[in-house]
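Worksheet: the structure to be examined is printed underneath.
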Amino acid sequence: MDIVERTDTPFYYYDMSVLATTLQEIKRQIAGFPYVVHYALKANCNPRILNEIARQGIGADLVSGGEAKAAIEAGFKPEKMNFSGVGKTDREITFALDKGVGCFNVESAPELEVINQLAVTMGKKAPIAIRVNPDIDAHTHKYITTGTADDKFGINLEAIEQVIKQAMSLPGIHLRGLHFHIGSQITLMKPYAMLCDTINGLLDDYGRQGIHFELINVGGGLGIDYADPDGHPLPDFESYFNTFKSRLRLEAGQQLHFELGRAIVAGCGSLIARVVYVKENRNKKFVILDAGMNDLIRPALYGAYHEIQNLTADEDVAHELYDVVGPVCESSDVFARDRRLPVTRRGDLIAIRSAGAYGESMASTYNMRTLPQSIFSTHHSI
Ligand SMILES: *Cc1c(COP(=O)(O)O)cnc(C)c1O
C-alpha cells in the first residue's frame with residue numbers, strides 16, 4: 001500500500017505473484033503433452049512482464065516488427081516465436097527471417113508469395129503455418145471475434161487447399177502447419193470444441209492425401225472472469241486445455257501450439273487512479289478520475305466491464321451509484337455506469353481491476369496526457 005500511496009497516479013500496478021502463479025499453472029497443465037504455449041505480446045509489452053514470461057520458457061506470438069524487437073530484448077528465443085498479422089511489411093518479414101523466427105502465420109496467398117521471394121533472396125526457407133479462417137463464431141464482442149468468414153483474418157476453408165499446395169511448391173517456403181485463432185475473451189468451451197472438430201476433419205482430409213503437418217496452432221482467446229477477479233484470479237486453464245486433450249486427435253509427433261495473451265496477463269494488473277472530483281448532476285453522481293480512456297481504453301472501445309474498487313473508503317460505509325469517468329474530452333470516456341461504490345470522496349484511490357491485458361499496451365497520449373507509469377509488487381495484496 002505504501003508504494004501505491006507514494007506513486008503519482010494514474011499508474012498500472014502489477015502483482016508479479018499473480019503472474020508467477022498463472023505461468024506455473026499453465027506449465028502444470030501442459031506438462032507431459034506435446035504442447036507449446038506462446039505469449040501474445042500485444043496484450044502487454046511491459047519489459048518486466050515480458051522478462052518474467054520469457055524466463056519461464058514460454059514462446060512469443062508477435063504481430064509487428066516492434067514486438068519482434070521487444071521479444072528479442074526480453075529474452076524470448078527466436079525459434080519459439082510466431083509472427084502473425086494480416087499486413088506484415090517487407091521490412092518486418094526480412095527482420096524476422098534474419099532473426100530466425102520459428103513460424104510465420106501466413107494470412108493470404110499474396111503474403112505467401114512475398115515471404116517466399118524475400119526468403120529466396122536471403123538464401124533461406126521461411127517456416128510457415130497457414131492461418132485458416134474456420135468460420136466459427138466465438139460469440140464474443142464483434143471487435144474481438146476473428147474467426148468468422150467475414151473477418152479480415154486468415155484464409156477461408158474453401159481456399160485453403162489451393163494455398164497449401166502453393167506453399168508446398170515454393171522454394172523459399174517450409175510449410176510447418178496450420179494456424180487458427182477464433183477470437184478473444186472466450187469463456188465457454190463450445191467454440192474451442194467446434195474448432196477441434198474442424199481441425200480433426202481437416203487433418204483426416206489431408207492425411208488421406210498424404211499431407212501431414214508438424215504443428216497445429218490453435219491461437220489464443222481464453223477469457224478471464226472480469227466480474228470476480230478475487231474469486232477467480234486465474235482463468236479456467238483446466239477446462240481449456242482439457243478440451244484439446246480430450247477432443248483433438250493430433251497425429252504422432254505433431255505439436256500443438258497455443259497463443260495466449262489475455263489469459264496470461266489480465267489478472268495481474270490494475271489501473272490505479274485518484275478521484276479528482278465527485279460531481280452531481282440532475283440524475284447522476286459522477287466520480288471523476290485522473291485516469292482516462294487514454295490509459296485504459298477497453299470500456300470505451302468494447303464496452304468492457306472491469307471491477308472497480310475504492311481502496312480508501314471502508315467497505316462497510318453507505319454505498320451509492322456512480323458513473324466512474326475519466327477527464328478526456330470524449331463522451332465515451334466512461335469506465336462504468338451506475339456502479340455501486342462506498343461513498344466516494346475527492347482524493348480517494350481507486351483500483352480498476354483485471355487491467356493487465358490490453359491496458360498499458362493500448363495506452364495513448366490523447367489530449368496530450370502522459371503515458372501511465374507502471375509499478376510492480378511481489379506482495380499479494382495492495
Ligand atoms: C491477439 C492474438 C492472440 C491472443 O489473443 P488473447 O485473446 O489475448 O488470448 C493470439 N493469436 C493471435 C493471432 C492474435 O492476434
Side-chain angles (χ1 to χ4, degrees), residues 1-15 18 225-233 266-360 362-377 379-382:
M1 193 75 196
D2 274 5
I3 181 155
V4 172
E5 288 288 0
R6 277 187 277 111
T7 309
D8 263 354
T9 48
F11 59 87
Y12 277 93
Y13 172 90
Y14 295 108
D15 184 335
V18 171
D225 187 350
Y226 279 100
D228 187 11
D230 293 320
H232 299 115
C268 72
S270 296
L271 176 62
I272 309 292
R274 217 172 266 285
V275 177
V276 190
Y277 300 108
V278 177
K279 146 172 174 172
E280 237 179 294
N281 275 1
R282 189 179 308 143
N283 298 317
K284 285 249 181 223
K285 288 199 167 88
F286 294 93
V287 166
I288 303 171
L289 302 180
D290 60 5
M293 64 190 283
N294 71 297
D295 302 296
L296 174 65
I297 202 174
R298 298 190 67 257
L301 188 59
Y302 316 119
Y305 181 95
H306 286 265
E307 268 298 294
I308 296 180
Q309 290 171 340
N310 185 324
L311 300 175
T312 309
D314 270 335
E315 256 310 303
D316 37 348
V317 303
H319 282 58
E320 301 238 41
L321 293 183
Y322 296 101
D323 279 16
V324 181
V325 305
V328 172
C329 303
E330 296 286 340
S331 359
S332 58
D333 187 23
V334 176
F335 291 112
R337 293 187 199 277
D338 296 321
R339 193 63 68 85
R340 198 168 169 274
L341 290 173
V343 169
T344 296
R345 301 199 159 77
R346 170 175 161 81
D348 286 358
L349 270 182
I350 300 289
I352 303 179
R353 302 288 306 274
S354 316
Y358 306 107
E360 191 179 353
M362 289 178 108
S364 77
T365 56
Y366 184 43
N367 281 198
M368 283 196 77
R369 291 166 51 79
T370 43
L371 288 173
Q373 310 181 64
S374 49
I375 67 167
F376 300 84
S377 171
H379 299 294
H380 188 73
S381 82
I382 47 177

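Predicted model only: the values in this text are computed from it and were never measured.
Counting heavy atoms from C-beta on, the side chains of Ile308 and Ile350 come closer than 4.5 Å. In this structure, Val275 and Leu289 have side chains that are in contact, with non-hydrogen atoms separated by less than 4.5 Å. Side-chain contact between Glu360 and Leu371: absent, with no pair of heavy atoms (C-beta onward) separated by less than 4.5 Å. Under the 4.5 Å side-chain criterion, counting only non-hydrogen atoms from C-beta, Glu315 is in contact with Pro342. Inter-residue side-chain proximity for Phe286 and Val278 is flagged as unmet; no heavy-atom pair is nearer than 4.5 Å.
Contacts of Gln373 classified as side chain to side chain donor-acceptor pair (under 3.5 Å), with partners at least two apart in sequence or in another chain: none. Under the side chain to side chain donor-acceptor pair (under 3.5 Å) criterion, Tyr366 pairs with Glu330, sequence neighbours left out. For Tyr358, the side chain to side chain donor-acceptor pair (under 3.5 Å) criterion is met by no residue, not counting sequence neighbours. Among residues two or more places apart in sequence or in another chain, the side chain to side chain donor-acceptor pair (under 3.5 Å) test is passed with Asp230 by Arg353. Residues satisfying the salt bridge (Lys or Arg N to Asp or Glu O under 4.0 Å) criterion with Glu320, sequence neighbours excluded, are Lys285. Checked against side-chain contact (heavy atoms from CB on, under 4.5 Å), Asp316 has the following partners two or more places apart in sequence or in another chain: Asp314.
One finds the CD1 atom of Ile272 at 12.5 Å from the OG atom of Ser374 (value rounded to the nearest 0.5 Å). In this structure, CG in Asn310 is found 8.0 Å from CG in Leu349, a value given to the nearest 0.5 Å. The CG atom of Asn294 sits 8.0 Å away from the OG1 atom of Thr370 when rounded to the nearest 0.5 Å. Taking NE2 of His232 as the reference point, atom OG of Ser354 lies at 12.0 Å (rounded to 0.5 Å). Interatomic distance, OG1 of Thr7 versus CZ of Arg274, reported as 9.5 Å (0.5 Å rounding). Within the model, atoms OG of Ser270 and OH of Tyr13 stand 8.0 Å from one another, a figure rounded to the nearest 0.5 Å.
Contact record, Ile352 with Ala355: O-CB, 3.8 Å, taken as the closest heavy-atom pair. Arg369 and Pro10 get closest at one heavy-atom pair: NH2-CG, 4.5 Å.
Pairs engaging residues 306-343 under the ring pair (Phe, Tyr, Trp, His ring centres under 6.0 Å) rule: Tyr226-His306 [sequence neighbours left out]. Under the salt bridge (Lys or Arg N to Asp or Glu O under 4.0 Å) criterion, the residue pairs touching residues 331-351 are Lys284-Asp338, Asp323-Arg337, with sequence neighbours excluded.
Within 6.0 Å of OH on Tyr305 lie more than 12 heavy atoms contributed by other residues, nucleotides or ligands.
Of the possible donor and acceptor atoms, one in the side chain of Tyr12 sits under 3.5 Å from a partner among the backbone N and O of Asp295.
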